[in-house]
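What follows is a short report on a single structure.
Keep in mind it's a predicted model, so treat the numbers as computed, not measured.
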Number of protein chains: 2
Amino acid sequence: MARAGLTAERVTEAAADLADAIGFENVTVSAVARSFGVRDASLYSHVKNLQDLRERVTLLAAGEVADRIAAAVAGRSGKEAMTAFANAYRAYALAHPGRYAAYQTPLDPAVAARSAAYVRNVELTYAMLRAYDLDEPHLTDAGRLLRSTFHGYVTLELNGGFSHSREVRASWDSALDGLHFLLQHWPGRPSD
Amino acid sequence: MARAGLTAERVTEAAADLADAIGFENVTVSAVARSFGVRDASLYSHVKNLQDLRERVTLLAAGEVADRIAAAVAGRSGKEAMTAFANAYRAYALAHPGRYAAYQTPLDPAVAARSAAYVRNVELTYAMLRAYDLDEPHLTDAGRLLRSTFHGYVTLELNGGFSHSREVRASWDSALDGLHFLLQHWPGRPSD
DNA sequence: GCACAAACCTAGGGCTCCTAGGTAACGGTT
DNA sequence: AACCGTTACCTAGGAGCCCTAGGTTTGTGC
């Protein structure tokens with residue numbers, strides 16, 4: 001019985017690819033095992049259980065998102081950085097719907113806190129917002145609004161929640177324009 | 001063998017209650033059957049399969065959301081209507097996380113198009129936006145932005161995605177202020 | 001070549017989904 | 001009250017998934 005050369009990392013990557021192909025909710029230990037031509041029981045040498053496997057995919061996706069966004073915003077600031085951030089976020093979700101769903105899956109807070117990727121995503125958001133010169137609590141409020149809008153938009157889009165009456169990309173661009181304007185004129189912030 | 005008096009409606013309601021209690025993803029035909037003290041196979045007299053059951057819960061939730069929002073915005077307009085709409089939306093999600101998850105589950109477009117509740121939710125949104133006097137395509141863009149933000153915010157909140165550094169309700173109120181301001185000054189719209 | 005660790009497998013139990021056919025309950029009619 | 005037809009329930013069973021335990025085989029180091 002030749003060994004398939006599995007590792008936890010390879011198993012995770014395969015699960016992530018499978019998630020993009022068939023949906024994160026359909027990723028099973030059995031399906032991943034089949035993709036390697038081994039029996040399901042063999043995977044437990046590499047991952048603890050299905051939950052462990054799912055968490056690994058989630059953390060993998062968080063890292064990929066952070067990489068994508070970091071690369072997109074590098075050397076940019078102001079509106080350019082904000083739109084680059086947002087477009088990288090959406091592009092990732094559209095290209096990797098299964099990974100994106102994993103990224104959005106609730107993770108044990110202790111696990112998330114220890115994840116460099118999650119921390120990095122927060123830092124990237126605050127760095128991007130720096131150009132808007134917002135103090136607390138406006139800074140946190142604005143960050144949450146952006147995250148909510150990006151996530152909500154992309155999720156609705158992926159779920160087919162927008163009719164065909166208007167080009168989805170056009171509404172997205174319009175939303176980014178609106179958000180930029182709003183960040184510049186954040187209500188309750190002391191006037192310039 | 002006394003009959004449990006099941007109907008498709010009762011089964012659906014039980015599934016929805018179970019979703020709120022244990023999470024929509026954990027609702028199974030078996031679990032619902034157990035809640036009635038019958039065997040799993042007995043449910044197939046009332047629902048076609050698990051997918052049918054899930055779709056029924058989704059449609060039930062869509063109707064409840066519409067009812068909640070309609071009641072909240074009745075007799076209101078302008079900012080008051082928008083915040084009432086948003087607050088009703090969020091309150092429903094927080095009170096019924098499982099039902100809300102069902103509501104957000106992708107539904108066959110043909111099924112959704114025939115659902116009075118989904119149509120009604122769209123109408124409620126456009127009625128609410130009437131006060132902002134937006135023409136197309138700004139009207140659709142604005143509607144999508146609002147839906148995205150509400151959904152995104154609530155989902156992140158339910159998934160524990162916000163740290164405790166700032167009161168979640170305060171950020172929500174701030175977001176609604178910002179959205180109201182933005183709707184009044186929608187970029188690209190002809191000046192008043 | 002040998003010893004050891006562990007990656008693989010089989011076996012099996014528990015759970016879920018769902019179909020098919022049998023039995024019993026229910027409602028309507030006489 | 002009895003009878004009949006319908007169907008809501010049940011049992012039985014097969015397929016699939018999750019996961020544990022123990023056996024076998026593979027790969028590595030000496």
Side-chain angles (χ1 to χ4, degrees), chain A residues 1-61 98-99 101-102 105-108 111, chain B residues 1-61 98-99 101-102 105-108 111:
Chain A
M1 175 52 59
R3 294 186 176 186
L6 304 183
T7 63
E9 290 70 36
R10 290 191 64 210
V11 170
T12 304
E13 190 87 35
D17 291 342
L18 208 48
D20 284 340
I22 65 173
F24 186 50
E25 70 283 356
N26 296 319
V27 173
T28 61
V29 172
S30 307
V32 176
R34 277 194 297 272
S35 78
F36 283 113
V38 300
R39 313 309 293 259
D40 59 326
S42 306
L43 285 211
Y44 296 97
S45 297
H46 307 281
V47 295
K48 185 169 188 305
N49 50 34
L50 180 58
Q51 180 178 342
D52 180 37
L53 179 61
R54 295 175 63 88
E55 281 176 359
R56 288 172 180 273
V57 176
T58 298
L59 292 172
L60 173 74
R99 279 167 155 88
T105 301
L107 200 53
D108 183 295
V111 177
Chain B
M1 172 55 57
R3 294 187 175 186
L6 304 182
T7 62
E9 290 70 35
R10 289 191 65 209
V11 171
T12 304
E13 190 88 33
D17 290 344
L18 209 47
D20 284 340
I22 66 174
F24 186 50
E25 72 282 355
N26 295 319
V27 174
T28 60
V29 172
S30 307
V32 176
R34 276 193 299 271
S35 78
F36 283 113
V38 300
R39 314 307 294 261
D40 59 327
S42 305
L43 286 212
Y44 296 97
S45 297
H46 307 281
V47 294
K48 184 167 189 305
N49 51 35
L50 179 58
Q51 181 178 342
D52 179 39
L53 179 60
R54 295 175 64 89
E55 281 175 1
R56 288 171 180 274
V57 176
T58 299
L59 293 172
L60 173 74
R99 281 166 152 89
T105 301
L107 200 54
D108 183 295
V111 176

Between A:Asn26 (CG) and D:dC18 (C1'), how many Å, whole number?
16 Å

Nearest whole Å is fine: how far is C:dC17 C1' from B:Asp52 CG?
14 Å

Sugar-phosphate only, base, or nothing, as touched by B:Ser45 at under 4.0 Å among non-hydrogen atoms
base

Name the nucleic acid region contacted by B:Ala4, choosing base, sugar-phosphate or nothing; use a 4.0 angstrom heavy-atom cut-off, strictly under.
sugar-phosphate

Might you work through the salt bridge (Lys or Arg N to Asp or Glu O under 4.0 Å) test for A:Glu13 and A:Arg99, ending with a clear yes or no?
CA-CA 10 Å; A:Glu13 190 87 35; A:Arg99 279 167 155 88; 3.2 Å; yes

Spell out yes or no: do the side chain of B:Arg39 and the base of D:dT11 have one donor N/O and one acceptor N/O closer than 3.5 Å?
no

Please pick, from C:dT19, D:dC17, D:dC9, the nucleotide with the shortest atom-to-atom distance to any side-chain atom of B:Ala41.
C:dT19

What is the distance from CZ of A:Phe36 to P of C:dC8, rounded to the nearest Å?
10 Å

Gap between atoms OH and P, on B:Tyr44 and D:dA12 respectively (whole Å):
18 Å

Rounded distance (Å) that lies between atom P of D:dA8 and atom CD of B:Glu9
12 Å

In whole angstroms, the gap separating P of C:dC26 from CG of B:Leu6 amounts to 13 Å

Assuming nearest nucleotide by heavy-atom distance, tell me which of B:Gly5 and A:Lys48 is located more 5' along DNA chain D.
B:Gly5

Would you say B:His46 places a side-chain N or O within less than 4.0 Å of OP1 or OP2 belonging to D:dC9?
yes

CG of B:Leu50 to CD of B:Glu55, rounded to nearest 0.5 Å, is 10.0 Å

Value rounded to 0.5 Å, distance of OG1 in B:Thr58 from CZ in B:Phe24:
4.5 Å

Rounded to the nearest Å, what distance is computed from the CG atom of residue A:Asp40 to the C1' atom of nucleotide D:dC18?
7 Å

Can you measure from OG1 (A:Thr12) to CG (A:Asp52) and round to the nearest 0.5 angstrom?
7.5 Å

Nucleotide nearest A:Leu50 when distance is taken to its side chain, options C:dC17, D:dC17, D:dC19
D:dC19

Under 4.0 Å from OP1 or OP2 of D:dC18: is there any side-chain N or O of A:Ser30 that close?
yes

Using whole Å, report how far CZ of A:Arg3 lies from P of D:dG27.
6 Å

Check this for me: does the side-chain of A:Asn49 come within 3.5 Å of the base of D:dC18 through a donor and an acceptor?
no

To the closest 0.5 Å, what do you measure between OG1 (B:Thr28) and CG (B:Asp40)?
8.5 Å

